[in-house]
Novice: 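Submitted below is the structure of interest, expressed as structure tokens.
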Amino acid sequence: MKKQYLGSIVLFSGLLIGLNIPNQVDAEGEINSSENSYAPFWGSGQDTYGEWIFTTTDKHYIGYKNMFIADLSNSIQFDYIGENTGKMEYRILAEDEVTVLAYGAYTNNAVIDLSSYKDGVYYVEVNKYKAPGSIIGPNTNFVQVNKESIDINLTINGNYGKYNPTSVNHSSAKEGATIGWVIKGENGFILEGTGNVTPEQMQTLGDGKYTIETTVTGKTMHGNPLTNKTNDNFEIRHPESTTLVDRPINPESLTGTKKIEDSELTWTIYDKNNQPIATGSGNKVPLAEINALADGEYTVKFTEMSPEAIADTSSGEFKIRRPESTTTVDKPINPESLTGTQKLPDSSLGWVIYDKDGKPVASGLGSEVPSSEVKDLENGEYKIEFTETSTEGSTHSSDGTFKIRRPETTTTVDKPVNPSSVRGTQKLPESSLEWVIYDSAGKKVASGVGNEVPLSEMEGLKDGDYKVEFTETSPEGLTDTSKGKFSINKKAEPKPEEPTQPVAPINPTKPADQGTPIANQKPNVLPEATTSKTETFPQTGETKSKSSFWLAISSFIGMIGLVGVKKRS
């Protein structure tokens, strides 16, 4: 049988004195908004002069229903006011009011803590024992403590945990509980509701981080309000890719971005028929992939795939139209045609000729190098380069090499009349050199190979005018011819003179140191002045007559010389 500690009426000195009993509370309970305590009230027992002050330290509900009740309290305390000086003790009893869960000494206003006890009904008893020798008896206070809570479960639903949840469920085991929630975003966005958060409500949330705060409310067994709160976090994130093409024609950079750090970013290039022709991963298409594209129209797409398997694709368009020149050299040696081509009709085409040291020696515009430019080149090694420049500024160069080695002869005749040497030279060592002699009528009278006309060929020529040509047939078949002229006049050749006898001087004077005169020496006789001789000058073929007188004088002077030589010998 439960103990009943009720207020009572006691008669003192013939008076009815009402005990200080608080107003009775109904099932809804009562909260003391000012003191959270009942004081003073009389307890039970033999001590009718003692009073108690009962307090809940956590300011929860205090009520009275057949006994004093502390609803939802975790800690309480008592204060005895009276003349009894005996010791005090407390006990915590289970709901059966028999099982002792805790006990010990107690002093006024000491806190009895029940915070570690699970939900349930407990009884707290505080006893004031009679002091030895005191006429005042013991006193007891007895209070029911109701520990009660309301649970709440918050579940974020989705395939990827707290990322992009589809809904939020709430539940509580408390019958009749009411659940309300508030979703707060980083940007201050607030969404409120009751019960579960539906998929439709979740879809109204934009990307960002959110906190959901949930409150559950109900009533205790005594009808007092009962609440509990919980919260959790989640994130709404959707991929968002971007595609950047640096130039609409012949781009050098195709890049993409992603919004979520741990997303995967891939790219694909499609042709004008929307057929994929190249694909890869990362935020950049390698330049080698771009350079491998043929001329045409293309679309590049970057796709961000989030960890939640949500994809977002962006795209960009571009064209490939690259210049592509060609260079053609018709012959590797002494070319006659240096031409180039361009791929794009609206491009420009230019050419440059470089020597073996890389120095430009000629340049121009167009698809062909003028023949005059090639003819002006000296013998040597060259490179011809054609460059096509598109309207977008892209360039492409092609080149070819060639050699210039042209023959070049010379003809040398040592004398215009009766030459003794007719020679020719060649410029290229590997060339051949030939000669031909023509008469005045243009008829070939002699020919041969080499750099000199043999003397025998010259001696066989008749008197007359001639032309000699030296021609250098090069390994490439190029020729160069040089010419010379001469005449043959055999009559103009001087004849060797017969030896003349020495002539003694007239009336010679014998020097003292000279030898004996030659015996039987005839006096010199001068030739007659009428004697003449014609002299032909080999260089010009001209003739000149000399008188016999001067011839005699010359012979005389020569004889004197001979005589002198003889005497000296």
Side-chain angles (χ1 to χ4, degrees), residues 2-3 5 22 25 27-41 43 52-81 87-128 139-154 170-180 213-232:
K2 293 185 178 180
K3 297 181 180 180
Y5 294 89
V25 296
E28 292 300 317
E30 180 181 289
I31 182 169
N32 189 321
S33 60
S34 60
E35 296 272 344
N36 69 293
S37 65
Y38 278 105
F41 64 90
W52 294 88
I53 298 176
F54 169 47
T55 306
T56 58
T57 59
D58 48 11
K59 299 183 179 181
H60 280 189
Y61 301 96
I62 298 177
Y64 182 82
K65 189 175 183 182
N66 299 325
M67 70 180 67
F68 286 99
I69 298 172
D71 197 10
L72 300 180
S73 292
N74 286 312
S75 59
I76 59 177
Q77 63 186 30
F78 299 89
D79 185 17
Y80 172 78
I81 301 174
K87 67 177 182 178
M88 301 176 68
E89 287 182 345
Y90 81 95
R91 291 193 307 166
I92 300 177
L93 305 176
E95 187 174 5
D96 60 7
E97 300 185 32
V98 174
T99 303
V100 177
L101 303 177
Y103 68 93
Y106 187 79
T107 59
N108 277 344
N109 295 321
V111 174
I112 300 174
D113 187 6
L114 290 87
S115 60
S116 62
Y117 288 62
K118 64 181 181 179
D119 286 5
V121 175
Y122 302 89
Y123 295 92
V124 178
E125 180 184 77
V126 177
N127 296 311
K128 183 68 171 176
N139 200 310
T140 300
N141 190 20
F142 195 70
V143 176
Q144 182 192 80
V145 177
N146 178 40
K147 280 184 60 67
E148 189 174 356
S149 62
I150 184 170
D151 66 322
I152 180 172
N153 296 316
L154 185 156
H170 297 107
S171 63
S172 176
K174 189 71 172 179
E175 185 177 355
T178 301
I179 297 175
E213 298 177 351
T214 302
T215 302
V216 59
T217 60
K219 290 185 178 181
T220 68
M221 58 184 293
H222 298 292
N224 292 308
L226 187 62
T227 63
N228 192 11
K229 291 185 179 181
T230 188
N231 64 74
D232 206 343

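Nothing here was measured: the structure is a model prediction, and the numbers come from that model. The figures that follow rest on heavy atoms only: side chains count, while hydrogens, waters and symmetry mates do not.
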Novice: When rounded to the nearest 0.5 angstrom, what distance separates CD in Glu97 from CZ in Arg91?
Specialist: 10.5 Å

Novice: Ignoring hydrogens and geometry beyond distance, is a side-chain donor-acceptor pair present between Glu125 and Asn127 at under 3.5 Å?
Specialist: yes

Novice: Does the side chain to side chain contact (heavy atoms under 4.5 Å, CB included) test come out yes or no for Asn146 and Met221, once each step is laid out?
Specialist: CA-CA 8 Å; Asn146 178 40; Met221 58 184 293; 3.3 Å; yes

Novice: Report the residues that fulfil salt bridge (charged side-chain N to carboxylate O under 4.0 Å, His left out) with Lys147, sequence neighbours left out, ordered by chain and then residue number.
Specialist: none

Novice: First locate atom CD of Glu213, then atom CG of Leu154, and finally report the distance between them rounded to the nearest 0.5 Å.
Specialist: 11.0 Å

Novice: So, does Asn228 use its side chain to make a donor-acceptor pair with the main chain of Ile150 at under 3.5 Å?
Specialist: yes

Novice: Within the structure provided, determine whether Val126 and Thr140 are in side-chain contact (heavy-atom separation under 4.5 Å).
Specialist: no

Novice: Can you name the residues that form a side chain to side chain contact (heavy atoms under 4.5 Å, CB included) with Asp119, not counting sequence neighbours?
Specialist: Ser149

Novice: Any chance you could lay out the side chain to side chain donor-acceptor pair (under 3.5 Å) test for Asp113 and Ser75, step after step, and finish with the verdict?
Specialist: CA-CA 4 Å; Asp113 187 6; Ser75 59; 5.4 Å; no

Novice: Please step through side chain to side chain contact (heavy atoms under 4.5 Å, CB included) for the pair Val145 and Val121, ending with a clear verdict.
Specialist: CA-CA 6 Å; Val145 177; Val121 175; over 6 Å; no

Novice: Side chain to side chain donor-acceptor pair (under 3.5 Å) for Tyr123 and Gln144? Distances and angles first, verdict last.
Specialist: CA-CA 5 Å; Tyr123 295 92; Gln144 182 192 80; 3.2 Å; yes

Novice: With side chain to side chain contact (heavy atoms under 4.5 Å, CB included) as the test, would you mind laying out the steps for Asp79 and Thr55 before giving the verdict?
Specialist: CA-CA 9 Å; Asp79 185 17; Thr55 306; over 6 Å; no

Novice: Could you tell me the separation between the CD atom of Gln77 and the OH atom of Tyr106, rounded to the nearest 0.5 Å?
Specialist: 6.0 Å

Novice: Between Tyr117 and Tyr122, what is the ring plane arrangement, given parallel below 30°, perpendicular above 60°, and tilted in between?
Specialist: perpendicular

Novice: Taking all heavy atoms of Leu114 and all of Ile112, pick out the closest pair and write down the distance.
Specialist: CD1-O, 3.5 Å

Novice: Side chains of Val143 and Ile69: closer than 4.5 Å at any heavy-atom pair?
Specialist: no

Novice: Could you walk me through whether Ile179 and Thr214 pass side chain to side chain contact (heavy atoms under 4.5 Å, CB included), step by step?
Specialist: CA-CA 7 Å; Ile179 297 175; Thr214 302; 3.5 Å; yes

Novice: Are any non-hydrogen side-chain atoms of Leu226 and Asn224 less than 4.5 angstrom apart?
Specialist: no

Novice: Do any N or O atoms from the side chain of Ser172 and from the backbone of Ala177 form a donor-acceptor pair under 3.5 angstrom?
Specialist: no

Novice: Phe142 and Leu93: which non-hydrogen atoms are nearest, and at how many Å?
Specialist: CE1-CD1, 4.1 Å

Novice: Check whether any side-chain heavy atom of Thr107 sits under 4.5 Å from a side-chain heavy atom of Asn109, and report yes or no.
Specialist: no

Novice: Ring-plane angle category for Phe54 and Phe78, please: parallel below 30°, perpendicular beyond 60°, tilted otherwise.
Specialist: parallel

Novice: Is there side-chain contact between Tyr80 and Met88, with heavy atoms separated by less than 4.5 Å?
Specialist: yes

Novice: To the nearest 0.5 Å, what is the distance between OG1 on Thr56 and CG on Asp71?
Specialist: 10.5 Å

Novice: Do Lys118 and Glu148 sit within salt-bridge range, that is, some charged N less than 4.0 Å from a carboxylate O?
Specialist: no

Novice: Restricting to non-hydrogen atoms, name the atom on Asp151 and the atom on Val216 that form the minimum distance, rounded to 0.1 Å.
Specialist: O-CG1, 3.9 Å

Novice: Taking atom OG1 of Thr215 and atom NE2 of His170, what is their separation to the nearest 0.5 Å?
Specialist: 9.0 Å

Novice: Are any side-chain N or O atoms of Asp58 and backbone N or O atoms of Asn74, one a donor and one an acceptor, separated by less than 3.5 Å?
Specialist: yes

